Amino acid sequence: MLICALPLLCRCQGSSAPADTATATEATAAQATQAPGERIATLSEEVRMLMEQYDAEHKPELLEQAMSINDSIEQLDTTQQGRFNTAFTRAQLLAKSGHMREAMLIQERLLSSNPNDFVRLQFYAGKYRMEGKTDSMHIFADRALAQCDIILADTTLSAEEIDQALMNKINIYQIVDNRAKAKETNDKLAARHLDDPDYQLTDAEFNEEFNAARTALNQSAEAYRNDVKKNPTPAAKQ
């Protein structure tokens, strides 16, 4: 199981069929009778479905609709976590619409409070890769890998925490384009799940997934650099 690393933060989400317009309309009509928390959950699900539909159909109006709903959620959920969630979603939507620079600025603000957090270190490794600053990329990648090694040295960890640390290392090795280390770490992860075929990749399958991840990173880098040229100092909404 090779984990695809992306410069932008990624939240794990369950799979779902593309949004159905009639179903979405019915859900919107039902919101009037929902409690605030339920309504926020319903709207958040609509945004997720619209994003998945955009990934399948690439219709700009789907992102516009999702952004509008996300703005509505922002008005409803004023908690600290709520503000984080809506800002995070806004960054994802901006990235999908080609506004990579603004998306990165939003996420950079979200991560500014903890200089040692793995997610922050991974983010900057990816960001510097996109900017072509390889020395800085390796500095943050090495710090992120060191954090993973500290976690893996903890003998009190659960199986899930060990798996996550290994997957995090694979992500970093993808960012720095170290195929050999990514394969070595992926093999360690696979050895922990010998009864799960999803973790067992042939060399050809591994190379195919690694190459796909590298292509995605390079495409993100190109989109980012093009956006910086067009919008060198965007005013990102907080």
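Position 1 is the first residue of the sequence; numbering continues from there. Just so you know, these numbers come straight off a predicted model, no measurement behind them.
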Open item on the list: Going by side-chain hydrogen bond (donor to acceptor under 3.5 Å, both in side chains), name the residues that satisfy it together with Asn226, two or more places apart in sequence or in a different chain.
Closed with: none
- [ ] List for me each residue that meets side-chain hydrogen bond (donor to acceptor under 3.5 Å, both in side chains) alongside Glu161, sequence neighbours excluded, and say none if there are none.
- [x]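 If we apply the side-chain hydrogen bond (donor to acceptor under 3.5 Å, both in side chains) test to Glu161, skipping adjacent residues, the hits are Ser158.
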To the nearest 0.5 Å, tell me how far [X] [atom1] sits from [Y] [atom2].
X      : Y      : atom1 : atom2 : result
Tyr128 : Ile139 : OH    : CD1   : 8.5 Å
Phe140 : Lys133 : CZ    : NZ    : 10.5 Å
Phe118 : Gln164 : CZ    : CD    : 8.0 Å
Cys148 : Ile170 : SG    : CD1   : 10.0 Å
Asp55  : Leu50  : CG    : CG    : 11.0 Å
His58  : Lys96  : NE2   : NZ    : 8.5 Å

Nearest non-hydrogen partners of [X] and [Y], listed with the distance:
X      : Y      : answer
Asp177 : Phe210 : OD1-CE2, 3.3 Å
Tyr199 : Ala190 : O-CB, 3.2 Å
Leu217 : Gln174 : CD1-O, 3.6 Å
Ala95  : Ala103 : N-CB, 3.8 Å
Ala66  : Leu93  : CB-CD2, 3.8 Å
Met130 : Met100 : SD-CE, 4.1 Å

Can you tell me if [X] uses its side chain to pair, donor with acceptor, with the backbone of [Y] under 3.5 Å?
X      : Y      : result
Asp227 : Ala223 : no
Arg101 : Val228 : no
Glu205 : Thr202 : yes
Ser97  : Leu94  : yes

Min side-chain heavy-atom separation [X]-[Y] under 4.5 Å:
X      : Y      : value
Met49  : Glu46  : no
Val176 : Lys181 : no
Thr134 : Arg129 : no

Open item on the list: For a side-chain hydrogen bond (donor to acceptor under 3.5 Å, both in side chains) check, start with the C-alpha distance between Glu108 and Tyr124, then their side-chain angles and the critical distance, and finish with the verdict.
Closed with: CA-CA 8 Å; Glu108 195 166 9; Tyr124 277 106; 2.8 Å; yes
- [ ] Report the residue from Glu208, Glu209, Arg214 that forms a side-chain hydrogen bond (donor to acceptor under 3.5 Å, both in side chains) with Asn211.
- [x] Arg214
- [ ] Check the pair Leu76, Leu43 against side-chain contact (heavy atoms from CB on, under 4.5 Å), reporting the backbone distance first and the verdict last.
- [x] CA-CA 10 Å; Leu76 289 169; Leu43 290 171; 3.6 Å; yes
- [ ] Decide yes or no on side-chain contact (heavy atoms from CB on, under 4.5 Å) for Leu62 and Met51, but give the supporting numbers first.
- [x] CA-CA 7 Å; Leu62 295 171; Met51 290 171 69; over 6 Å; no
When you check the side-chain N and O atoms of [X] and [Y], is any donor under 3.5 Å from an acceptor?
X      : Y      : answer
Asn85  : Arg90  : no
Asp198 : His193 : no
Asp71  : Gln75  : no

Task: Joint hydrophobic cluster, Ile150 plus Leu166, side-chain heavy atoms closer than 4.5 Å - done: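 As far as the 4.5 Å side-chain criterion goes, Leu166 and Ile150 are not connected within one cluster.
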Task: Pairs flagged by side chain to side chain donor-acceptor pair (under 3.5 Å) wherever residues 141-157 is involved - sequence neighbours left out - done: Asp149-Lys169, Asp154-Thr156
Open item on the list: Evaluate Asp77 against Thr86 for side-chain contact (heavy atoms from CB on, under 4.5 Å), listing each step before the verdict.
Closed with: CA-CA 9 Å; Asp77 192 348; Thr86 52; 5.7 Å; no
Open item on the list: A cation-pi test, strictly: NZ or CZ of Lys183 under 6.0 Å from the centre of the six-membered ring of Phe206 and no more than 45 degrees from its axis. Yes or no?
Closed with: yes
Task: Sidechain N-carboxylate O distance under 4.0 Å for Lys59, Glu61 - done: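 So Lys59 does not pair with Glu61 through a salt bridge.
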- [ ] For a side-chain contact (heavy atoms from CB on, under 4.5 Å) with Lys127, tell me which candidate from Gln122, Gln107, Met104 qualifies.
- [x]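 Of the listed options, the one satisfying the test is Met104.
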TODO: Show your working on side-chain contact (heavy atoms from CB on, under 4.5 Å) between Arg192 and Asp163 and close with a plain yes or no.
DONE: CA-CA 8 Å; Arg192 294 174 49 80; Asp163 285 350; 2.8 Å; yes
- [ ] Using the six-membered ring wherever Trp is involved, compare the ring planes of Phe84 and Phe88 and label them parallel, tilted or perpendicular (cut-offs 30° and 60°).
- [x]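 The rings of Phe84 and Phe88 lie parallel, inter-plane angle below 30°.
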